[in-house]
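I have placed the structure first, in the form of structure tokens, so that the comments after it can refer back to it.
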Amino acid sequence: MGILPAEIGRIVGNVMQIGLRTVLPPRCGGCGAVTDTVHAVCADCWIGLRFISDPLCACCGYPFELAAEDNAGDGILCGECLRKKPAFDRARAALVYDDASRDYLLRFKHGDRTDLTPLLSRWLVQAGRDFWADADIILPVPLHRTRLLMRRYNQSGLLAASLSRHTGIGWHGTVLRRLRKTRSLGGLGPSSRKREVGGAFGVDDRIAQRIGLSGARVVLIDDVLTTGATANACARILKRAGAMHVDVITVARVVR
Ligand SMILES: [Zn+2]
Ligand SMILES: [Zn+2]
């Protein structure tokens, strides 16, 4: 038996990728300067990024300014979560949403910079480090199909697939669906955001049954956590469909 054309294509593709890797030096994911490491940022860009670290709200991941000595320890909640517990169980983000992280996300979302996927997903693996040990499935927050056509890819889907490769946990791109197009949430206040995303998501029952969503521990992937309205709407619908636990990881989160 000879080699099938498809296989030849794959071999040529692999050789070309290896070729490109050797010819092109790795570049900083921020400024494009040549770096030593693949899928990294240079020292200057690193300094400009505000990574979120402990202490955090145990639920929504809001970073606390200072670790108050008297209540240092796990399980502290922020004022918001004490007032009303979100539908998701825990949320974590890699970065504070500011000019620097917004720049990465805009390039990733609208600039066709899918090559940023490995860099961003590395940050997400780290941000979700407490989640991976007992997670069952990774789900991206879906885009509406018209927006998907415009953008050609769901950025959260790319991250979910990459995280799945890193962690060995399966992912699924269509069990969670966007039922209707929502307006851009930018500029909307918390209550308008909640109204806008209410009923915007649904679960495909047949797929849910096939992948065993009932009783599963889900990790939901999105780009930014702003008021948490989208994460909440998704978590609510996933739990209604039987998910036992829903954690959320975003590249960035708003800190006010
Ligand atoms: Zn740089
Ligand atoms: Zn909180």
Side-chain angles (χ1 to χ4, degrees), residues 24-68 70-108 111 113-123 126-131 141 189-191 193-194 197 218-222 224-236 239 245-256:
L24 300 174
R27 292 191 176 271
C28 166
C31 67
V34 173
T35 52
D36 307 335
T37 350
V38 204
H39 308 314
V41 290
C42 73
D44 288 342
C45 289
W46 182 264
I47 290 168
L49 291 167
R50 289 157 69 198
F51 284 91
I52 294 176
S53 56
D54 290 334
L56 310 167
C57 167
C59 179
C60 74
Y62 190 95
F64 297 128
E65 284 295 311
L66 293 167
D70 50 349
N71 61 2
D74 294 335
I76 314 160
L77 297 179
C78 75
E80 289 281 317
C81 292
L82 280 174
R83 259 193 298 282
K84 190 172 192 300
K85 212 177 157 313
F88 55 79
D89 293 273
R90 295 174 294 183
R92 297 292 181 267
L95 296 161
V96 171
Y97 190 59
D98 58 9
D99 288 342
S101 59
R102 179 161 47 235
D103 174 60
Y104 284 82
L105 287 168
L106 287 178
R107 282 187 296 143
F108 182 53
R113 289 292 307 275
T114 54
D115 56 308
L116 287 173
T117 310
L119 173 68
L120 299 181
S121 62
R122 230 171 60 179
W123 293 344
Q126 182 61 18
R129 59 191 173 278
D130 296 338
F131 300 171
V141 167
S191 54
R193 277 169 184 264
K194 200 175 160 189
V197 294
V218 176
V219 178
L220 193 65
I221 308 299
D222 204 1
V224 187
L225 189 99
T226 308
T227 61
T230 302
N232 253 319
C234 290
R236 207 170 291 128
K239 287 193 169 174
H245 186 98
V246 178
D247 288 327
V248 182
I249 308 177
T250 58
V251 175
R253 87 157 348 267
V254 169
V255 174
R256 288 197 184 88

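Throughout, residue positions are numbered sequentially from 1 according to the sequence presented. Remember, it's 1-based here, ligands and their atoms both numbered in the order they're listed. Since the structure is predicted, the reported quantities are computational estimates derived from the model, not experimental observations.
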Check: Leu106 main-chain N/O paired with Asp103 side-chain donor or acceptor under 3.5 Å: no

Backbone of Tyr104 reached by a side-chain donor or acceptor of Arg107 within 3.5 Å: no

Donor-acceptor pairs are to be reported for all side-chain atoms of residues 29-39 against protein atoms at under 3.5 Å, with residues two or more places apart or in another chain.
| unit_1 | atom_1 | unit_2 | atom_2 | d |
| --- | --- | --- | --- | --- |
| Thr35 | OG1 | Pro26 | O | 3.4 |
| Thr35 | OG1 | Thr37 | O | 3.0 |

Going by the rule salt bridge (Lys or Arg N to Asp or Glu O under 4.0 Å), which residues pair with Arg90 if we only count those two or more places apart in sequence or in a different chain? Asp247

Is there a side-chain contact between Tyr97 and Val251, using heavy atoms and a 4.5 Å cut-off? no

Working to the nearest 0.5 angstrom, can you tell me the gap between Gln126 CD and Ser121 OG? 12.5 Å

Taking atom CG of Asp98 and atom CG of Leu49, what is their separation to the nearest 0.5 Å? 7.5 Å

Check the Zn ion (ligand 2) and write out every protein N, O or S atom at under 2.8 Å, as residue and atom. Cys57 SG, Cys60 SG, Cys78 SG, Cys81 SG

Using a cut-off of 6.0 Å, state whether more than 12 heavy atoms not belonging to Arg50 lie near its atom CZ. no

Can you establish whether the number of heavy atoms outside Lys239 located under 6.0 Å from its atom NZ is more than 12? yes

Listing by chain and number, which protein N, O or S atoms are under 2.8 Å from the Zn ion (ligand 1)? Cys28 SG, Cys31 SG, Cys42 SG, Cys45 SG

